[in-house]
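Beneath this line is the structure, given in structure tokens, with notes to follow.
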There are 2 protein chains.
Amino acid sequence: MTALADRRRHATRSRTAARRAPARPSLPALSRSVEDYLKAVYHLSDHGGVATTKDIALKLMVAAPSVSMMLKRLSALGLVKRVPYQGAQLTREGRQAALRTIRRHRVLELYLTRHLGFAWDTVHDEAERLEHAVSDLLIDRMATALDNPRYDPHGDPIPTADGRIESADLVSLAAAPVGSELELRQVTTQDPERLRFLADHGLVPGLQLTVADRQPFGGPTTVRLRPAGTRQIVGMELAQVLQCRTRAK
Amino acid sequence: MTALADRRRHATRSRTAARRAPARPSLPALSRSVEDYLKAVYHLSDHGGVATTKDIALKLMVAAPSVSMMLKRLSALGLVKRVPYQGAQLTREGRQAALRTIRRHRVLELYLTRHLGFAWDTVHDEAERLEHAVSDLLIDRMATALDNPRYDPHGDPIPTADGRIESADLVSLAAAPVGSELELRQVTTQDPERLRFLADHGLVPGLQLTVADRQPFGGPTTVRLRPAGTRQIVGMELAQVLQCRTRAK
DNA sequence: GTTGTGGATTAGTGTCGACTAAATCTCCTG
DNA sequence: CAGGAGATTTAGTCGACACTAATCCACAAC
């Protein structure tokens with residue numbers, strides 16, 4: 001709970017004593033909806049925070065009351081902890097379930113690009129539908145065919161089959177100081193248009209670059225690409241989406 | 001209609017004048033359930049017959065009233081023609097939709113066996129779930145990667161992207177006269193145990209064989225395999241599942 | 001402290017697709 | 001041609017998930 005229930009705990013007016021969730025062994029077969037909600041909560045409460053009803057509703061494009069209802073169900077299933085009017089976080093089980101779905105999604109994305117000729121700006125929607133239908137066995141076969149990859153086409157880390165995920169310490173290109181020598185690691189957008197633009201300009205994970213210049217007041221950033229040495233001007237919105245690792249000088 | 005509404009047409013007590021279905025252009029995005037029902041009707045009314053409520057219910061493992069309800073909906077959507085208490089057949093549109101789903105299923109089965117190391121007795125369930133989630137684009141990519149195959153791992157013909165399907169004129173091994181020289185073309189079971197047995201004994205599509213002997217009264221059939229010349233005894237139930245083409249002597 | 005406002009929840013519905021129980025129809029048989 | 005068996009449909013529910021409208025809570029601002 002941590003960030004969730006520190007104060008105003010009494011606001012729950014001691015509600016019906018949280019039912020036991022029977023410690024599911026492994027695969028209770030979650031519905032598509034449940035998986036989507038768990039993913040949303042995972043992404044929104046990413047770094048120790050709390051997912052609010054509104055944010056979940058926006059992300060999943062449903063009305064707020066639908067979220068309230070579903071969070072109540074997920075809470076009864078033992079997949080989230082929530083404090084009414086405050087927000088929700090995943091339990092350990094909920095987190096495992098979310099990571100299983102995310103693993104499926106990311107392995108699928110990579111497989112579609114590597115083995116079936118999809119461009120990186122078109123795989124998201126396909127993976128979004130398939131992630132609810134594939135078996136873990138199929139995902140593992142795909143992962144094997146891909147040589148157990150660690151990152152998807154956008155640079156996001158792929159959770160392992162046993163539910164571990166790498167947490168990288170990255171900095172947005174928009175926040176990196178001028179002069180930084182960086183390696184582009186993740187591209188955190190799914191907008192096809194942006195992705196196509198980025199690919200066209202060589203801005204894909206693995207790229208080595210140096211921050212050459214930045215206009216003040218959120219203006220564009222100029223980066224120098226390695227090894228070619230060409231320069232590229234990246235607008236603010238795009239720079240925010242490019243997550244980088246600082247590289248040894 | 002043909003076989004459906006020849007007699008007892010008045011049994012419909014002139015019901016509310018069949019609503020217009022608005023001649024959908026191409027892809028109205030059918031639900032998983034609808035696709036399953038269409039497939040069931042397709043398979044059950046295969047050779048000009050009629051699919052009955054009971055048979056559909058058995059095949060889909062649902063209760064009969066669920067089938068009645070759904071057939072009414074499908075009829076309203078213009079996907080089946082039905083005569084109450086008699087049965088249902090697909091319309092042209094329904095048949096196209098069913099073939100689209102079947103194409104997806106069979107391409108998936110073949111892809112899973114050829115490219116991801118699945119055995120032919122394990123692909124059915126996986127394909128059954130995936131067929132409702134994959135895009136036509138993905139299926140076409142898989143088909144291309146497979147070099148536009150004509151048959152799935154069990155020998156069933158794969159419908160083309162524009163909805164044509166090969167109709168083969170096959171005879172069951174159980175019905176082939178002694179002395180026939182045959183090529184095994186299709187294996188019409190999805191039972192994993194049988195499939196494993198068949199594969200273990202080399203009884204897979206493409207096999208050349210000769211009917212050497214048959215016990216009377218539905219007893220086992222003995223076949224001689226080509227080119228090895230070894231003999232194999234096949235029980236009645238299995239023989240019925242092996243569909244063959246007669247081969248030039 | 002009261003109060004206003006925006007976010008959250010409850011209340012009440014609707015749809016899809018399943019179910020059981022109770023009619024109803026078809027068609028075979030005597 | 002009357003009955004009856006079995007298949008089919010109707011009637012009434014239910015659960016999962018969505019919605020809108022109305023109410024409720026939290027928190028910041030006075």
Side-chain angles (χ1 to χ4, degrees), chain A residues 3-16 28-41 44-45 49-77 79-89 132, chain B residues 3-16 28-41 44 49-77 79-80 82-89 132:
Chain A
L4 245 182
D6 28 32
R7 83 175 162 301
R8 311 218 114 266
R9 177 185 289 280
H10 51 87
T12 68
R13 58 258 184 118
S14 80
R15 50 178 53 237
T16 58
L30 304 174
S31 75
R32 187 205 155 101
S33 278
V34 166
E35 290 181 342
D36 281 338
Y37 276 94
L38 290 177
K39 268 205 319 179
V41 174
L44 290 171
S45 64
V50 161
T52 66
T53 298
K54 190 191 187 189
D55 287 346
I56 299 171
L58 282 175
K59 190 174 252 275
L60 298 181
M61 298 208 295
V62 298
S66 309
V67 177
S68 272
M69 286 284 109
M70 181 57 94
L71 286 182
K72 230 182 287 181
R73 284 211 296 134
L74 294 181
S75 174
L77 289 170
L79 297 170
V80 309
K81 296 242 187 284
R82 83 186 196 112
V83 175
Y85 294 98
Q86 298 296 120
Q89 288 184 320
H132 307 293
Chain B
L4 244 183
D6 29 30
R7 83 173 162 300
R8 311 218 116 265
R9 178 185 289 280
H10 49 89
T12 68
R13 55 258 184 118
S14 79
R15 49 179 55 239
T16 60
L30 303 175
S31 75
R32 187 206 155 98
S33 277
V34 166
E35 290 181 342
D36 281 338
Y37 276 94
L38 291 177
K39 269 204 319 178
V41 175
L44 290 170
V50 161
T52 67
T53 298
K54 189 190 188 189
D55 288 346
I56 298 171
L58 281 175
K59 188 173 253 274
L60 297 182
M61 297 209 295
V62 297
S66 310
V67 178
S68 272
M69 287 284 108
M70 181 57 94
L71 286 182
K72 230 183 285 181
R73 285 211 297 132
L74 294 181
S75 173
L77 288 170
L79 296 171
V80 308
R82 82 186 198 111
V83 174
Y85 294 99
Q86 298 297 120
Q89 286 183 321
H132 307 293

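Here the structure is a predicted model, which is why all the values come from computation and not from measurement. Just so it is clear: chains get the letters A, B, ... in the order the sequence lines come, proteins before strands, and each one is counted from 1.
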Rounded to the Å, how far apart are B/Q86 CD and D/dT8 P? 9 Å
Measure from CG on A/L44 to C1' on C/dG7 and round the result to the nearest Å. 15 Å
Distance, rounded to the nearest Å, where A/M69 contributes CE and C/dG14 contributes P: 17 Å
In whole angstrom, what separates A/R32's CZ from C/dC16's P? 17 Å
So does B/S33 get a side-chain nitrogen or oxygen closer than 4.0 Å to the phosphate oxygens (OP1/OP2) of C/dA18? yes
Distance, rounded to the nearest Å, where B/L74 contributes CG and D/dT9 contributes C1': 16 Å
Please tell me if the side chains of B/M70 and B/V34 come closer than 4.5 Å, counting only heavy atoms from C-beta onward. yes
Closest non-hydrogen atom pair between A/A88 and A/S45, with its separation: O-CB, 4.4 Å
Does any non-hydrogen side-chain atom of A/H132 lie less than 4.5 Å from one of A/D36? yes
Nucleotide D/dG15, atom P - distance to CG of A/L77 in whole Å: 15 Å
Atom pair distance, as rounded to whole Å: CG in A/L71 and P in D/dA16: 16 Å
A/Y85 side chain: which of D/dT10, D/dA18, C/dG7 is closest? C/dG7
Is there side-chain contact between A/L44 and A/T52, with at least one heavy-atom pair below 4.5 Å? no
Heavy-atom check, side chain of A/I56 versus side chain of A/L71, under 4.5 Å: yes
Between CD of A/Q89 and CG of A/L79, what distance do you get to the nearest 0.5 Å? 14.0 Å
Heavy atoms under 4.0 Å, any strand shown: does B/S68 hit a base, just sugar-phosphate, or nothing? base
For DNA chain C, determine which residues of residues 53-67 of chain B have any heavy atom closer than 4.0 angstrom to one of its atoms, and list them numerically. B/V62, B/A63, B/P65, B/S66
Measure NZ/B/K72 against C1'/D/dA11 and give the value in whole Å, please. 10 Å
Salt-bridge present (B/K59, B/D55; N to O < 4.0 Å): no
